[in-house]
Structures are given as C-alpha cells and as structure tokens.
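Order of the sequence lines sets the chain letters (A, B, ...), proteins ahead of strands, with each chain counted from 1. Only a predicted model underlies this, so the values are computations on that prediction, with no experimental measurement involved.
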Amino acid sequence: MSKTLDTPLTSAGFAAGPAIECGAPSVREVFTRHLGTVWRIARALGVAADEADDVAQEVFLVVHRRLHTFEPSRSLPAWLFGITRNVVLMRQRAHTRRERRLSAVEPPAPPREPEASLELQQAAAFMQEFLDGLDEDKRVVFLLADVEGLTASEIAEALEIPLGTVFSRLRAARIKLEQFSQRLRARSVRRPHDR
Amino acid sequence: MTDESPSARALIAAYRACARPSAAAEAQLWATLAAAERDGPRGREDRPSRAPWLALAAGLLLLAAWQLDLARMFVPGQVLQDMRHQAEYDAAGPDSQDARIRADGEGGPREAGTPELEGQKLVVTPPRERAAGQGRGAQAGARGRAASRAESGTGAAEAAEGGDEAVAEGDRMLAEMALLQQARAALRGGQPGAALAVLERHAEEFADCCMLEERQALRVQALCAAGEAARGAVEAAAFLRAHPRSTYAGRVASACPEGHAPKDRSKDL
C-alpha cells in the first residue's frame, strides 16, 4: 500500500464506517459509528473488558456535553481518542486509590454472552492476546491504523507524535503480528484437534 | 495492509466484530445517553465558561490584597528607617530639639522658620524648596498645624500658592512623620507627657492616617514611660492583637514589663 498521510493505513477494508464529511455530527451518529472504536481504544489503553462498557459510557457522556466544541475540520476519531484517553487516565487514578483501600479480591466479572460464532470469538481472543503482548505505544498505533482505519496524520494528531514515529511503531507491530499469526498456524498444524 | 497474511487479516476482522460492547450493553449505553440528551442537550457547557472569569477575579482580589499587605509592611518600614536617620541627625543637637519639643508640647505657636525645624526636614527637602519654605515660614505659623507643617516641608511653595486646603498627599505624609518624630524625640528626652500630647494631636489631625501602627506603638511606649503601666499594658495587648506580626511587636510587648517595671526610655523606634 502506498503510504499517504490522508488515506487509511490499512487496505483490507476493515476501516470503520465512512468519515463524517461536513458539519458537526449528532451524538447519535457519533455513538452509532464509533462506539466500537471507543470500546477498543479503551481496551488498548489497558482497560479490562468488563470495564470498557463503563468507559465507553463516560466517553459518550463527555461527547454529549462537548460535541459543540468539536471542529469538523479535525479528525473525529482522533478527538474521540483524546477523550477516551482522558477518561481512562481518570479511571486508572481512581482505581489505584481504590486498590489502596481495598485489599479484598473482587469477584470475577460475569462471562459475556455469546454473540458470535465460536471461531470468530476465538480469533478475536487471539487478537486480543496479540494486542496484550504489545507495548502500549505500538498497540495504540496498530489499533488506530489497522483496526480503526485512521490515517497516519490522524494518528499523529491524536497521539501528538511525529509521523515517522507512527510509521515505525506500526511497522514493528505488523512484524510482530505476522510472527504471531505464523505461530498460531504452526500450533494448529501440530494440534489440529484443538481447533 | 498488503503485507499481512490472510490469517492476520482474519484476526483483525474477528477482533473488530467481537471486540465491542454486547448488544445489551450497547442498548443500555444508548439509553443513558438518550436520557442525558432529554435532560438538556449540552446543558453543562456554560458552567466551565464562567470558571476562568471567576478565577481571574479571585486572582485580582488576591493580588490587590497582597499589594496592600506589602504596602503596610514595607512602606512604613522604609519611612521608619528614614525617621531613624533623622533621629540620629537630631541627636546631634539636643538643645534645639528640646526647644522644638517644648514649643509643640505646650501647644504654643511654633516657630516654623527656626533653623532647628528646618534642619529636621533636611532629609526630605530639596535645598531650593527649603529656601522657599524658609521665606514663607512666618506665614505658615498662623495657619493650622497640619498646613504649617506641610508648608515648612517640601510642599511649602505649592501649599502657599494653592491655599491651606490644597495640601498634597506627600506633604501629609511628611507632616505625619514630623509629628511622630516629635513624639519620639519627646519620649527619648524624658518627656512622655509631651510625647502623649503630640500623639494625641496626631490622632486628631490624621485620623485616617497611614501611620496608625507607628502611632499606637509610640503611644504604648509613652504610656508606660509616663507611669501609666496599666493603660499601657491594655493598649499593648490591643496592639498585639491588631498587629501580631508588626515590626514593633517586640518593643510594644516589652514596653510595659510585668509588675509595672520602671520606664524604659531607651526603647525608641
């Protein structure tokens, strides 16, 4: 894929819904199109799956209050990323304080209800495993680029890092993904009954 | 992502499909959001906009208070230093000083043009203006005390031209300083009664003065020196309550020692 700054860095057709072209979007539009993005960003920032819903709710309440401040010339996903990161940081601070107070182990979260096929869920779990193995810098760039379909300039704006850093982190993450998928294939060849 | 293997792409696709809130959670999220929308779209947006103005106003108030505090703490201190220098200068001529104290302490007309009084103003009076003040000193003696003191200082020419009521603020300060200086000299010269009289006059003429703290401190010292230790102790306590961090606090506190100790005339501002 030729790397231009304003085209998504992924060519696999996985990008999120079409970008909102003009005018300020409504809260409903933002919610419908970007709920999954916000949820996954929260996960990439280290939020547990059972808490990502709460993060998403807080993010969209902020969106509800602050949408009038959004400039349509900016990248909406980059703006959402900034809000999500702030919400996550605040929750992490609160969580740290709470952890200091509570020594008891919290009960495990109830299992999520199955909504997709077992294979799909397993693949998603593998992907989550891969993402968890990345350091956060690479994980966030990879998620925004190859999962959410943001352009390099949008990622650079959201993360406030140079474009060169975006590309280098993305390259490193892709190499690791390739190695990871090769290991998965090798594992399935060795133990076909496990699939 | 052309360099991805199909399995990598499949992993990403699966992740995008599954890694999101459940349908139930999504419905719950939207219900919450819709309720917020109903309650008032962007209802809280006005609140933060007021905060910077409030913060700015509070900051300005604090700054003003701080500057007033500084002015109270440092300006009198500087004036006090000047007055100390003046006292040293006056100490060189005790006879002339006593004569001036007598004239003021007894309430009689003061010789505004006497060399002693003019010598007292040497620190603050440019030579040319002082010469002008000397020339008009006789007229000043007939006017009110505050005006005459102002005229005998730096603003003599301006006061004579503009009338008694047109005493500049700087001249008021000089007049205040002169009175306090007289009270201090009287105290040092063993005449606490005269010092109290001068301070009484200061209180009448400069009720809204800038050097209230100095006057009160001197009054405590004068009372104690005059043998009115009980009153001095009461006023000392009041002073220390009003000005706990005053530079005079130590002297005021020790002006009337316990048991009404003898007067300590060496304590001088």
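Residues A:A123 and B:L11 approach most closely at O-CD2, 3.4 Å, considering heavy atoms. What you find for B:R20 and A:G36 is that their closest heavy atoms are NH1-CA, 3.8 Å. Minimum interatomic distance between B:I12 and A:D146 (heavy atoms only, all atoms of both residues): CG2-O, 3.5 Å.
For chain A, the nearby parts of B:A19 are the backbone and the side chain; heavy atoms of each come within less than 4.5 Å.
Taking chain B as the reference chain and counting heavy-atom pairs below 4.5 Å, the highest number among A:L61, A:L35, A:V38, A:T32 is found for A:L35.
Rounded to the nearest 0.5 Å, atoms CD (A:Q57) and CG (B:L29) are 5.5 Å apart. A distance of 10.0 Å separates SG of B:C18 from CZ of A:R40, quoted to the nearest 0.5 Å.
Evaluation of the ring-ring contact (aromatic ring centres under 6.0 Å, His included) rule for A:F31 yields A:F60, B:W30 as partners, not counting sequence neighbours.
Side-chain contact between B:Y15 and A:L143 is present, with heavy atoms from C-beta onward closer than 4.5 Å. Within the 4.5 Å cutoff, the side chain of B:R16 has no heavy atoms near those of the A:M127 side chain.
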